[in-house]
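Computed from a predicted model, the values in this text were never measured in an experiment. Reminder, nothing fancy here: chain letters follow the sequence lines and each chain counts from 1. Just the heavy atoms: all of them, side chains too, but no hydrogens, waters or symmetry mates, feed the values below.
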Amino acid sequence: MTDEEEVLIEVNNLSKIFGENPNQAVSLLNEGYTKNEIHEKTGQTVGLYDINFKVKKGEIFVLMGLSGSGKSTLLRCINRLIPPTYGEVYIEGEDIAKMDMEQLRKIRREKLSMVFQNFALLPHRTVLDNVAYGLEVYGVEKEERYKASREAIETVGLKGYEESRITQLSGGMQQRVGLARALATDPHFLLMDEAFSALDPLIRSEMQDELLALQEQVHKTIIFVTHDLDEALKIGDRIALMKDGQIVQVGTAEEILTNPANQYVSQFIAGVDKSKVLTAESVMMTPEPVVSINSGPSVALQLMREHGISSIFVVNKHKGLEGVVTVEDAAEARRNKKNLEDVIIREYPTTTKDTQLKDIIPMIAESSYPVAVVDDNNKLHGVLVRGGILGAIAMEEEEQ
Amino acid sequence: MSPLLPKVPLGNYVENAVNWIDATFGFILDGISAILSFLLDLFLDILLFLPHWLFIVLFIVAAYFLTGRNWHIAAIGGIGFFVLDNLQLWSLGMQTIALVISSAVIALIIGIPVGILSSKNDGFKSAIKPLLDLMQTMPPFVYLIPAVIFFGLGNVPGLIATIVFAMPPGIRLTDLGIRQVPTELVEVADAFGSTPMQKLFKVQLPVALQTIMTGINQVIMLSLSMVVIAAMIGARGLGYQVLIGIQRVDIGLGFEAGLGIVIIAIILDRLTQGLTPE
């Protein structure tokens, strides 16, 4: 958030009240009444209350929450399918809430497009004419809009199906058409409303991978709504967790998992397979102690005894990792008056900071030494020991 | 027994209103009558222009291709018209068809836009609802009386009475079809920046087409049933033949004419259903 120019969507103090007298509902909210109490008292429904967030260029921003948390309403406030009751929604600096219909149509045609949960394809049109819809309402000539649409269809891997009827396609293929339709207008933003929720798990996972691969090519700014935490953690650069029309926490997957804002978030993330999300960086320990390669075996033995460990990493004077020495080898070196260099083990497991825990676990299970976390210059940044990893995975369960 | 309150002379009011309209707007009504009469005769002349065998052949070919190569419908039409020819009811049948199609087309030209309006506007919908209920439940004979006063005897009052009687399902099913378009599809239209007209013609009407076609089918069927009744005020065609059959207690005449009506009903019904896309 340091670079202000990169913020493309900014939502300020956004609230949505469904009902006749929103001012009354808001003043009750300010007095601390809950959503349910307000519904009982006034019959009005609080859809969203005091939402603030920013979306940066090129990121996948996930709105996550259970049904009724307001995530789909929030998404629809961004392209004003649902007009906000209060607050501002800036799209590249323009407040969409204050636009007239002409301006609204223009920004929807040029900048925002949407992918829907149940695909929402027009049953009377072919794949090609569905994909071309956005350009068609924009008034683009037939030849030109078909050219752009064919490219979009190829991008999502449906080349050859241009003339097919929608009803002939499977769910996964239909949603590819939905995605192609959204891409065909070359928008700046993709709003994806539970886009993969209606697909079966295998196809869903495949589509998530493809979306991530696609994002590498097209670099859109994506707002993705989901109720599936695993999906949010997998594809979200940042995640906003919602509850009862409010945002509870915004952060990266790791921030939310390692530092939940409150009890609700902790409960929400309790069931997550953390090994798929946590990386080496978040569970590694400071590489202490290490021993210099120029030191004698006695120094190494002394350090190991002090820290109660059975092996120690050996570094050169530039903090570059040279190898590892076990307590047995060091003792033998001392007996035989050898240098550390003579007994150093240079075959040891290493990994990088952003490796996922699930890939490290088998590595550490096979190795008799801790796993070293190094950078491209082989500089030692941390060590991974079994206890630390188990602790990190078990941490959340213990807290509850 | 006398009523609780003095009787409201509702019948008198209606009669006075009808008389007033006739006296005041008589020249307009005469104009409408002349135009409709002219169009109806023109249509009938076109239908009767071709030799019977050529008409039947052309119908079979047209029905086959218009219904997406459904030979079933083409065959039913061919046989039906052949039977009409054989019973020597061709000319009467064509008069009935001309009346039915004219009144159905006019009823739809008015009914579909009203249905679209009603689907967009809840207030308008609730305003026309009692009127539509009245139009559908009033015994059809009742329409004949003002029609005769305004337009005299003959084909035109029959046409008018038929239009009024047949219109409601066109309005209702257009309204229903558009309201039943899934919300997500309407959102697609909006989210991609469609104008209200683009939304209507590119999304709502095509998606609602099947329901609207059911409405069109209903309008045609109701037109046919009313055209028969309208024979009582001088509308020509098979209905008039049935009426003569009743007056003379001529079972054979009545049955043949009745069968002709059934044949036309089947042909029109299958044809409109066949035109409905899947």
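When the shell of 6.0 Å around CD of A:E144 is examined, it contains 12 or fewer heavy atoms from other residues, nucleotides or ligands. The local environment of OH in A:Y161 is sparse, with at most 12 non-hydrogen atoms from other residues, nucleotides or ligands closer than 6.0 Å. Other residues, nucleotides and ligands place no more than 12 heavy atoms under 6.0 Å from the NZ atom of A:K142. For B:F82, the CZ atom counts as loosely surrounded, since its 6.0 Å shell holds 12 or fewer non-hydrogen atoms of other residues, nucleotides or ligands.
Chain B is approached within less than 4.5 Å, heavy atom to heavy atom, by A:R181, A:A182 from residues 167-199 of chain A, ordered by number. Proximity to chain A at a heavy-atom threshold of 4.5 Å picks out B:L185, B:E187, B:V188, B:A189, B:D190, B:A191, B:F192, B:G193, B:S194, B:T195, B:P196, B:Q198 from residues 185-200 of chain B, in numerical order. Within residues 216-225 of chain B, no residue has any heavy atom under 4.5 Å from a heavy atom of chain A. Against chain A, no residue from residues 40-47 of chain B qualifies, as none has a non-hydrogen atom under 4.5 angstrom away.
When each of A:L112, A:N79, A:L122, A:N118 is scored by its heavy-atom pairs under 4.5 Å with chain B, the top score falls to A:N118. Comparing A:K106, A:M101, A:M114, A:R76 by how many heavy-atom pairs each has under 4.5 Å with chain B, the most go to A:R76.
Between the B:E184 side chain and the A:Q117 main chain, a donor and an acceptor come within less than 3.5 Å of each other.
Contacts between A:F116 and chain B at a heavy-atom distance below 4.5 Å involve backbone atoms as well as side-chain atoms. Contact of A:L121 with chain B is made through the backbone alone, with heavy-atom distances under 4.5 Å.
Screening B:L209, B:V207, B:V203 for a side-chain contact (heavy atoms from CB on, under 4.5 Å) involving A:H124 leaves a single residue, B:V207.
From A:E136, atom CD reaches atom NZ of B:K202 across 3.5 Å, with rounding to the nearest 0.5 Å.
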